[in-house]
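Each remark here refers to the structure printed beneath this line.
Values reported hereafter were calculated over all heavy atoms of this structure, with side chains retained and with hydrogens, waters and symmetry mates removed. Residue numbers start from 1 in every chain, and the chains themselves are labelled A, B, ... in the order their sequence lines are given, proteins ahead of strands.
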2 protein chains.
Amino acid sequence: MSATSAAEPVEPAGRADAVADRIRATILAGDFVPGQRLVEAELSDAFGASRGAVRAALLQLDHEGLVERVANRGARVRAVSVEEAVAITEVRMVVEGLCAAKAAENVTDADITELRDIGRRMQEAVRAGEIVVYSQLNTMLHDRVRELAGQPVATEVLSRLLARNVRHQFRLALRPGRPQVSLPEHLAIIDEICSRSPEGAERAARRHVASVIEALRDAT
Amino acid sequence: MSATSAAEPVEPAGRADAVADRIRATILAGDFVPGQRLVEAELSDAFGASRGAVRAALLQLDHEGLVERVANRGARVRAVSVEEAVAITEVRMVVEGLCAAKAAENVTDADITELRDIGRRMQEAVRAGEIVVYSQLNTMLHDRVRELAGQPVATEVLSRLLARNVRHQFRLALRPGRPQVSLPEHLAIIDEICSRSPEGAERAARRHVASVIEALRDAT
DNA sequence: GAGAACAAAATGGTTAACAATCAAGGTGCG
DNA sequence: CGCACCTTGATTGTTAACCATTTTGTTCTC
């Protein structure tokens, strides 16, 4: 039935983490659709793990925001409405702004050349129409900024927010014309960080994520 | 040995939630000190619950940020360093800023009279030196702002950040002279929200939390 | 004294059962 | 005919006993 390709004979997957990984992958692959019920017994059967492990996995995924658990009524794949995606991204906006500001404070000369290099490659990717490469550079840039910020709490919050939003984020990246909008915004963030201007970097980061919000709203 | 007062004969506490509540209370009461190991078997014994329940409770508390779980090494009460408290509060700063801004957008006339009333009572409390009352009004104000923001995601993030920081927050509130510093900041937030100025409200909220950060740093 | 083998403790995971809860569907009564 | 009530089935929540794995501390040897 479900997502398990017939060939692979249910690899070890002994641990709850592994089960969580597989459920997560199945959700992200779209094989579990939003709203779908996730019955412990079925998952336990499908993934060859005990109910306890499945339960732990569901707790973890609930904590990550990918599934929703109601008392005594089980877990279902969380359906993130556009409205909620906007709310998530609003929070993301201010936290990424913080990270950008702190990155501008901490950035070293070596980091600057690296960031500029990422920017150059982004330009090339957009010019060449290579969306996938651009998307990879995108996440690379955001990751690097977070790293430079040296703000573990912000990083943790962001990772959770992103996990909850992957689907919307994904659809957005594929929108035609989207790279042309976001590229200059990314370059602006890089510029401000490299000029070591915390305020400017925060503004640029917020402007960027604000444009993401707008695009989300238009998406419907 | 540990913190369990000898008298109480281990009341039911059947559910995992109940166990989590009791562990949380024990931590917040200071009877489990930061860094202390939380051994499943001991807790299970002390609270009269099964190991499974204790496990679930520890997972939940880990998710709340009160305990820290390392793979195969168990759970310990999370020790929040001043440095980490600062990081937490930095994130709090920008998210509370967002909430204040959105609150300024959504505020109704009725809300305005309510906010101003809270402000008036805060002034009275400070003048009368009633720290506890002021502290209650403080959380009431913050809660109300979050409510007005209509931003469930921000609320969720904030509640988790606060839970992780209770101890520092608590010590801070008792610092002599602290209310005199924070009162005008709170009043400024109220003013800006009531004038329906999102930018002003965000600035005021950030200024306030920034001053909390400074106080945290001084605390040592 | 340093390092390796070993033993104890604790977590992670499994199974099988049972209790509690919710959603439905059927029954009986007005 | 409609509505309240009860029964039933499915699923979650919890427990207990048990084993595997990992970590840690100790002891033994060189």
Side-chain angles (χ1 to χ4, degrees), chain A residues 1-2 4 9-27 32-79, chain B residues 1-4 9-24 26-27 32-79:
Chain A
M1 273 299 115
S2 69
T4 58
V10 189
E11 53 169 288
R15 305 204 303 284
D17 285 341
V19 180
D21 287 345
R22 297 193 51 182
I23 299 179
R24 193 185 305 112
T26 311
I27 293 177
F32 285 159
V33 302
Q36 178 170 347
R37 287 194 58 190
L38 298 177
V39 180
E40 294 181 1
E42 289 177 9
L43 296 173
S44 154
D45 188 42
F47 293 134
S50 74
R51 244 188 84 200
V54 170
R55 182 180 266 280
L58 288 177
L59 282 176
Q60 187 179 327
L61 293 173
D62 172 49
H63 155 230
E64 289 177 21
L66 268 106
V67 314
E68 189 182 19
R69 279 167 38 92
V70 209
N72 292 320
R73 289 231 254 138
R76 21 187 21 123
V77 179
R78 185 153 198 178
Chain B
M1 257 326 90
S2 71
T4 58
V10 191
E11 53 171 285
R15 304 204 307 284
D17 285 340
V19 180
D21 287 345
R22 297 194 50 185
I23 299 179
R24 191 185 306 112
T26 312
I27 293 178
F32 285 160
V33 302
Q36 178 171 348
R37 285 195 63 187
L38 299 176
V39 180
E40 293 181 2
E42 289 177 9
L43 296 174
S44 153
D45 188 43
F47 293 134
S50 74
R51 246 189 79 198
V54 171
R55 199 98 102 76
L58 288 178
L59 282 177
Q60 187 179 327
L61 293 174
D62 172 50
H63 157 229
E64 289 176 21
L66 268 106
V67 313
E68 188 183 19
R69 279 168 39 91
V70 210
N72 290 320
R73 289 230 251 136
R76 39 190 55 209
V77 179
R78 187 152 199 175

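- Expressed to the nearest 0.5 Å, how far CG of A/L43 lies from CG of A/L58 amounts to 6.0 Å.
- Counting all heavy atoms, side chain and backbone alike, B/V67 lies closest to B/D62 at O-OD1, 3.3 Å.
- Note: CG (B/D62) to P (C/dT11) measures 14 Å, nearest angstrom.
- Computed from coordinates, the A/E42 CD to D/dA10 C1' distance equals 11 Å when rounded to whole Å.
- A pairwise comparison of heavy atoms in A/A56 and A/A16 identifies CB-CB, 3.7 Å as the closest pair.
- Taking side-chain N and O atoms only, A/R55 has no distance below 4.0 Å to OP1 or OP2 of C/dG13.
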All N/O pairs under 3.5 Å across the protein-nucleotides 22-25 of chain D interface:
{"from": "D/dT24", "atom 1": "OP1", "to": "B/R73", "atom 2": "NE", "distance (Å)": "3.3"}
{"from": "D/dT24", "atom 1": "OP1", "to": "B/R73", "atom 2": "NH1", "distance (Å)": "3.2"}

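- Atom-to-atom, CZ of A/R51 to P of C/dA17 comes out at 14 Å; the value is rounded to the nearest Å.
- Whole-Å rounding puts the B/D17 CG to D/dT14 P distance at 7 Å.
- Rounded to a whole Å, the CG atom of B/L43 is 11 Å from the P atom of C/dA10.
- Distance, B/L59 CG to C/dG13 P: 10 Å, rounded to whole Å.
- Note on B/G52: nothing from the nucleic acid sits closer than 4.0 angstrom, heavy atoms only.
- Of all the heavy atoms in B/L66 and B/I27, the pair that sits closest is CD2-CG2, 4.0 Å.
- Without hydrogens or angle criteria, A/R76 side chain to A/G35 main chain gives a donor-acceptor distance under 3.5 Å.
- Nucleic acid contact class of A/L58 (heavy atoms, under 4.0 Å, all strands): none.
- Listed here is the closest heavy atom pair of B/A49 and B/V19: CB-CG2, 3.6 Å.
- Spacing between atom CZ of B/R15 and atom P of C/dA20 amounts to 12 Å, rounded to whole angstrom units.
- Checking C/dT14, C/dA10, D/dG13 against the side-chain heavy atoms of A/S50 singles out C/dT14 as nearest.
- Atom CG of B/D45 is separated from atom P of C/dA10 by 12 Å (rounded to the nearest Å).
- Note: A/R78 CZ to A/R69 CZ = 13.0 Å, rounded to the nearest 0.5 Å.
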